[in-house]
Number of protein chains: 2
Amino acid sequence: MSNPIELSPSAMRIADVAQALVQNVGYNGFSFEHISQAVGMRKASIHHHFSTKVDLGVAVVQRYTREFEQALLQVRNASESAPTRLLAYADLFETTFKNNQHLCVCGMLGAESNSLDAALNTEVKRFFQTNLDWLSGVIQEGIARGSLRSQHDANTLAETLLSLLEGAMLVGRSVAAPIGPRRASEVFLAGIVC
Amino acid sequence: MSNPIELSPSAMRIADVAQALVQNVGYNGFSFEHISQAVGMRKASIHHHFSTKVDLGVAVVQRYTREFEQALLQVRNASESAPTRLLAYADLFETTFKNNQHLCVCGMLGAESNSLDAALNTEVKRFFQTNLDWLSGVIQEGIARGSLRSQHDANTLAETLLSLLEGAMLVGRSVAAPIGPRRASEVFLAGIVC
DNA sequence: GTCTATACTTGGATAGAC
DNA sequence: GTCTATCCAAGTATAGAC
């Protein structure tokens, strides 16, 4: 279920709108009525494609994670050194945030996690673990090759960077001229690049 | 309005429960009914103390910000150097997070900000600005005294650290053994302490 | 696949007795 | 200050026609 190929055009439009709503107002901040209006369909029609709100949320996160995984592969291929890769990674978040100050889907759901269905939290954890694993790998390689240096291990640095990216988007929503996730990453990386 | 001295004992209990709910499930994740059950009072009685949910939310944030300001004064007085002060500051968030993985009140509300009443967002922005101003001052002083060093200015470093702290709590909710805001700060500060 | 209609529940808020 | 009772709107979900 929720294989991207299996999503009909209507289901895709619904998922698009639902994702934007999650990134904008959060899972608890939107209803089927909001989707209905944005997509030009009645509430009952939404239920035809996603029987429950949880189903819709799970589909959105799974698709989001899949697309993120594709981006991770591209970042690895397009750049050589660890610092360059990490900045390209930060730009994924920068692009998201520049789009109407959207938060990361899983950043938003992570904040709301204590009020979400277990099925949703499972997907959110998977997203974060995937990102932490990828970051740890890139950082570990950077340390081994001498482009990065720190007294802390790769896993710790990975979680620190991911936390910084998510937090920069969150805080950025409430300050007048936010530095944004890209620049925040530059500040952090300045302390560990060689 | 919302002066702490003016809060009756019942209003205090309601505000306590409301704050914990915000930090746990978010503003959009709780209702007057939840408060009613936790505090052992009927919904109508809650409305007697806070006429609307927005009023209650504003009172919670204002009180939270005031208490945070007190803590900032104490941190300044209790520690000398900028690095020590910043770690003591990080411990404010560490303590919050260790309490049942509670998020910062304004971290949560910041995530939800696009669905909140303007009166609430005003208070959230004030909280962040207060923290950024305090951090910038401490960092600026640290740079001037030679205990901190960076190619970035104090304001940028302040927003980076605050973002990291908020993000560490958010991400920490979705990982098995989170490093937490305190340790995340240590990782970042390692790159700018002399 | 989409619609109308509707059932059922919850949420925010008010009136008025005690 | 707290209660019961109630209103109205919104939210999730289903039934059944087209």
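- A straight line from CZ of B:Phe50 to C1' of D:dT2 spans 15 Å, rounded to a whole angstrom.
- Remark: the A:Glu159 side chain and the A:Asn155 side chain contain no N/O donor-acceptor pair separated by less than 3.5 Å.
- Inspection of the B:Gln37 and B:Glu33 side chains reveals an N or O donor paired with an N or O acceptor under 3.5 Å.
- The residues B:Glu69 and B:Arg66 are annotated as not salt-bridged, no charged nitrogen and carboxylate oxygen being separated by less than 4.0 angstrom.
- Atom CG of A:Asp55 is separated from atom P of D:dT14 by 10 Å (rounded to the nearest Å).
- Atom NZ of B:Lys98 is separated from atom CE of B:Met169 by 11.5 Å, given to the nearest 0.5 angstrom.
- For B:Arg42 and C:dG12, the CZ to P distance is 16 Å, given to the nearest whole Å.
- Rounded to an integer number of Å, the gap from NE2 of B:His49 to C1' of C:dG12 is 17 Å.
- To the nearest 0.5 Å, atoms NZ (A:Lys53) and CD1 (A:Ile46) are separated by 13.0 Å.
- Protein atom CG of B:Leu56 is 15 Å distant from nucleotide atom P of C:dG11, rounded to whole Å.
- Put simply, the residue from B:Trp134, B:Phe93, B:Phe128 that forms a ring pair (Phe, Tyr, Trp, His ring centres under 6.0 Å) with B:Phe68 is B:Phe93.
- For B:Arg42, the CZ atom sits in a loose shell: 12 or fewer heavy atoms of surrounding residues, nucleotides or ligands are nearer than 6.0 Å.
- Each of C:dG11, D:dT2, C:dT2 was ranked by its minimum atom distance to the side chain of B:His34; first place goes to C:dG11.
- Distance A:Asp117 CG to D:dG11 P: 19 Å, rounded to the nearest Å.
- In terms of phosphate contacts, A:Ser45 brings a side-chain nitrogen or oxygen within less than 4.0 Å of OP1 or OP2 of C:dC3.
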Verdict with supporting geometry, A:Ile143 and A:Leu157, side-chain contact (heavy atoms from CB on, under 4.5 Å): CA-CA 11 Å; A:Ile143 293 173; A:Leu157 293 168; 4.3 Å; yes
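- One axis for each end of the helix from C:dG1-D:dC18 to C:dC18-D:dG1, each built from five base pairs, and the angle between them comes to 0° at 10° resolution.
- Remark: A:Asp16 engages A:Arg63 in a salt bridge, criterion side-chain N to carboxylate O under 4.0 Å.
- In terms of phosphate contacts, A:His48 brings a side-chain nitrogen or oxygen within less than 4.0 Å of OP1 or OP2 of C:dG1.
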Distances under 3.5 Å between protein N/O atoms and the N/O atoms of nucleotides 13-17 of chain C, please, pair by pair.
{"residue": "C:dA13", "atom": "OP2", "partner": "B:Lys53", "partner atom": "N", "Å": "2.9"}
{"residue": "C:dA13", "atom": "N7", "partner": "B:His47", "partner atom": "NE2", "Å": "3.2"}

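- What separates CD of A:Glu33 from P of C:dG11 is a distance of 19 Å, to the nearest Å.
- As judged by a 4.0 angstrom heavy-atom cut-off over every strand, A:Ser31 is placed among residues touching the sugar-phosphate backbone only.
- In this structure, B:Ile35 atom CD1 and C:dG11 atom P are separated by 11 Å, rounded to whole Å.
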